[in-house]
There are 2 protein chains.
Amino acid sequence: MVTINDIARRAGVSRTTVSRFINESGYVSEKARENISRVIEATGYVPSEQAKSLRLKRTKVIGVVIPKISTETMSRVVNGMDEVLQQEGYQILLASSSLDKEKEIEQLKLLESRRVDGIILVATNREPELLEAVKNLSVPVVAVGQHLPDISSVVYNDYEAAKSLTKEILRAGHTKIGFIGVDEADYSVGVLRKKGFLDALKENGCSVESGWMQTASFSISAGEEAAARLLDQSKTLPTAVLAVTDRLAVGVMQTLRKEGFDLPGEMAVAGMGASDMSAYVTPALTTVDYYYEEAGKVSAGILLKAITGRAKKVEKSQMDYRLLKRDSLR
Amino acid sequence: MVTINDIARRAGVSRTTVSRFINESGYVSEKARENISRVIEATGYVPSEQAKSLRLKRTKVIGVVIPKISTETMSRVVNGMDEVLQQEGYQILLASSSLDKEKEIEQLKLLESRRVDGIILVATNREPELLEAVKNLSVPVVAVGQHLPDISSVVYNDYEAAKSLTKEILRAGHTKIGFIGVDEADYSVGVLRKKGFLDALKENGCSVESGWMQTASFSISAGEEAAARLLDQSKTLPTAVLAVTDRLAVGVMQTLRKEGFDLPGEMAVAGMGASDMSAYVTPALTTVDYYYEEAGKVSAGILLKAITGRAKKVEKSQMDYRLLKRDSLR
DNA sequence: CTGTTAGCGCCTTCAG
DNA sequence: CTGAAGGCGCTAACAG
């Protein structure tokens, strides 16, 4: 690999001059310019951003920790981040925790060891170990999706979104509503969305049978199974079901259709997240859009401000949401 | 940021000893060990992987260039890569070209300047400028999705996949088949899939009306519009349509349904790519699975072999595929 | 306009 | 068992 020294020697100047030429800092005579640029051309020299980083104490790299690479939500969020980061000359070092809490912490440390300029953590939990690890980091961090104390974060309005979606279902005339949730370890999706659902019901004087509330993991098939359990365990059937993710909702619809239900006539369904697929299943799924790409952009923006120093120490941002009323709810 | 020198000073040893302790290379007395580990603990010292890289001339980072971050295909491929790379202690530096040919080349150079240990290029074209840029790189490269001359690559069997899918449609009794393709700048999807389609027809003595073949970009709505054009421009209507991606196929189905077609009775539809959504649209979409995650794994494996030096200079790999026959084709 | 000098944080001979 | 010295590739005073 050719270095700045090679260029300097072959161009008959000092490496300082070469550096000046490359970075357009300071004067370089016309003759020197010519020599240098000729030699660079000939050798295909590419300055080492690496060595530069060591010297300058900044890498222009942002570490991004996500729970899973191959999910639509994550690719949207990361896409949003990339859009603003690329703009400012930063690149993304991707780290997946594969939903493993220990690995999540490891990844944070790994990113720190690589001296990334900042870290965006798309978190799914708020365990003390994680908080501890985040606080020990010596680089700016912003959390996405979970509200971590004393850390800048951008969160979705899970509670209100679930609540207003539920109200929409009530408004459509349903009073018996089933619910497919996820594990409470995921505070935002597991706890807040459920709370929004229950509070909306309570405010309207509705109650739920125990069989109506089921818990599932995040896959379509988990939604199918949860719906089957719901049908099985309900004394009286609900007339609508709210699933906390679109994928779960699609699974629910799948099972209902298989069991011969007319959708949405005999059973209305709603999801959350505005996945791509939601608009194209039959009937089109009523859901709520969280503006995931925007969340990525906002988080990147906050991080950049923190890095360049012109920012509050801790900045909290709450994303907006929007109801998408479609055919699966009547 | 605390450095190895700080640790050495505070532990009353030389930095050489600290280095030995950290990397478990060479002997370190019990007393020294204790001192060092105590100081490291107290300071929260994290060795700079960056400085290490400069010294060791390897970064343990792999650059991955993809055309677009937020597509299902890409997140699957990248997920596959990450699985094998993480295993070997490598991290992924993500670079999106946003489907811009110039930016694609820029990204390659940028990754080179960061001294990544290798690059995986998920390519959508084979323009001479790109080939030129790839050849000038001084790091191992493997291409995914396009067969680049003299470069290791893993490609999908686009031609055969399209051909056998078309044969499947013929076997179902259709002889008038429409086709929604994409721009030929994408050699694999634009050229090879179309060729497979046409060759299958030719072998069976079928021909196509001009209006039956439409070109679209990669979105669902592009599929909708292309289908509308197809209906509009056809003298006699085909009884089946093959779209080169699932998203296009979903768009096609959308338009057909809106126009009152019974699916698959009046018009059969097939897609390619086995997207998540394909199994859950109505009717379930017949498609072909390209094993995208596996492609990611394979490409990473080849790159790793190239990096560690135990590999052929150029390795070509062709992925398998599999027909997924579902309700949209009868 | 240009070169010399001094590190950035780390590993690795080479001598003790 | 340990330390001194050198250098990875680069930039930034400082002094011509």
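In what follows, chains are A, B, ... by sequence order, proteins preceding strands, each numbered from 1.
Residues meeting the side-chain contact (heavy atoms from CB on, under 4.5 Å) test with A:Lys109, sequence neighbours left out: A:Ile105. Residues passing the side-chain hydrogen bond (donor to acceptor under 3.5 Å, both in side chains) test with B:Glu294, sequence neighbours excluded: none. Residues forming a salt bridge (Lys or Arg N to Asp or Glu O under 4.0 Å) with B:Asp82 (at least two apart in sequence, or on another chain): none. Listed by chain and residue number, B:Asn23 satisfy the side-chain hydrogen bond (donor to acceptor under 3.5 Å, both in side chains) test with B:Ser19 (two or more places apart in sequence, or in another chain). Residues satisfying the salt bridge (Lys or Arg N to Asp or Glu O under 4.0 Å) criterion with B:Glu315, sequence neighbours excluded, are B:Lys305.
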For nucleotides 2-4 of chain C, tabulate all protein N/O to nucleotide N/O atom pairs closer than 3.5 Å, reporting atom names and distance.
{"from": "C:dT2", "atom 1": "OP1", "to": "A:Ser29", "atom 2": "OG", "distance (Å)": "2.5"}
{"from": "C:dT2", "atom 1": "OP2", "to": "A:Ser29", "atom 2": "N", "distance (Å)": "2.7"}
{"from": "C:dG3", "atom 1": "OP2", "to": "A:Ser14", "atom 2": "N", "distance (Å)": "2.9"}
{"from": "C:dG3", "atom 1": "OP2", "to": "A:Ser14", "atom 2": "OG", "distance (Å)": "3.2"}
{"from": "C:dG3", "atom 1": "OP2", "to": "A:Thr17", "atom 2": "OG1", "distance (Å)": "2.7"}
{"from": "C:dG3", "atom 1": "N7", "to": "A:Arg20", "atom 2": "NH2", "distance (Å)": "3.0"}
{"from": "C:dG3", "atom 1": "O6", "to": "A:Arg20", "atom 2": "NH1", "distance (Å)": "3.3"}
{"from": "C:dT4", "atom 1": "O4", "to": "A:Thr16", "atom 2": "OG1", "distance (Å)": "3.0"}

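Atom pair B:Ile36:CD1 and D:dC1:P shows a separation of 13 Å (rounding to whole Å applied). Between the P atom of D:dC1 and the CZ atom of B:Arg33 lies a distance of 9 Å, rounded to the nearest Å. In this entry the distance linking CG of B:Leu56 with C1' of D:dC8 reads 10 Å, nearest Å. In this structure, A:Asp6 atom CG and D:dG9 atom P are separated by 8 Å, rounded to whole Å. Computed from coordinates, the A:Met1 CE to D:dC10 P distance equals 10 Å when rounded to whole Å. When the P atom of D:dG7 is taken as reference, atom CG of A:Leu54 falls 17 Å away, rounded to whole Å. Distance B:Lys57 NZ to C:dT12 C1': 14 Å, rounded to the nearest Å. The distance from atom NZ of A:Lys60 to atom C1' of D:dC10 is 17 Å, rounded to the nearest whole Å.
Taking the six-membered ring for Trp, B:Tyr292 and B:Tyr156 have ring centres closer than 6.0 Å.
Listed by first then second residue, pairs satisfying side-chain hydrogen bond (donor to acceptor under 3.5 Å, both in side chains) with a partner in residues 36-48 of chain A read A:Asn35-A:Arg38, not counting sequence neighbours.
Across residues 39-53 of chain B, B:Tyr45, B:Pro47, B:Ser48, B:Ala51, B:Lys52 each have a non-hydrogen atom less than 4.0 Å from an atom of DNA chain C (numbered order).
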Could you go through residues 116-128 of chain A and list every donor-acceptor pair under 3.5 Å that involves a side-chain atom there, pairing it with any protein atom two or more places apart or in another chain?
{"from": "A:Asp117", "atom 1": "OD1", "to": "A:Thr59", "atom 2": "N", "distance (Å)": "2.9"}
{"from": "A:Asp117", "atom 1": "OD1", "to": "A:Thr59", "atom 2": "OG1", "distance (Å)": "3.2"}
{"from": "A:Asp117", "atom 1": "OD2", "to": "A:Thr59", "atom 2": "N", "distance (Å)": "3.2"}
{"from": "A:Asp117", "atom 1": "OD2", "to": "A:Lys60", "atom 2": "N", "distance (Å)": "2.6"}
{"from": "A:Asn125", "atom 1": "OD1", "to": "A:Glu127", "atom 2": "N", "distance (Å)": "2.9"}
{"from": "A:Asn125", "atom 1": "ND2", "to": "A:Glu104", "atom 2": "OE1", "distance (Å)": "3.2"}
{"from": "A:Arg126", "atom 1": "NH2", "to": "A:His147", "atom 2": "O", "distance (Å)": "2.9"}

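Defined by atom type and a distance below 3.5 Å, a donor-acceptor pair is missing between the side-chain atoms of A:Ser97 and A:Lys103.
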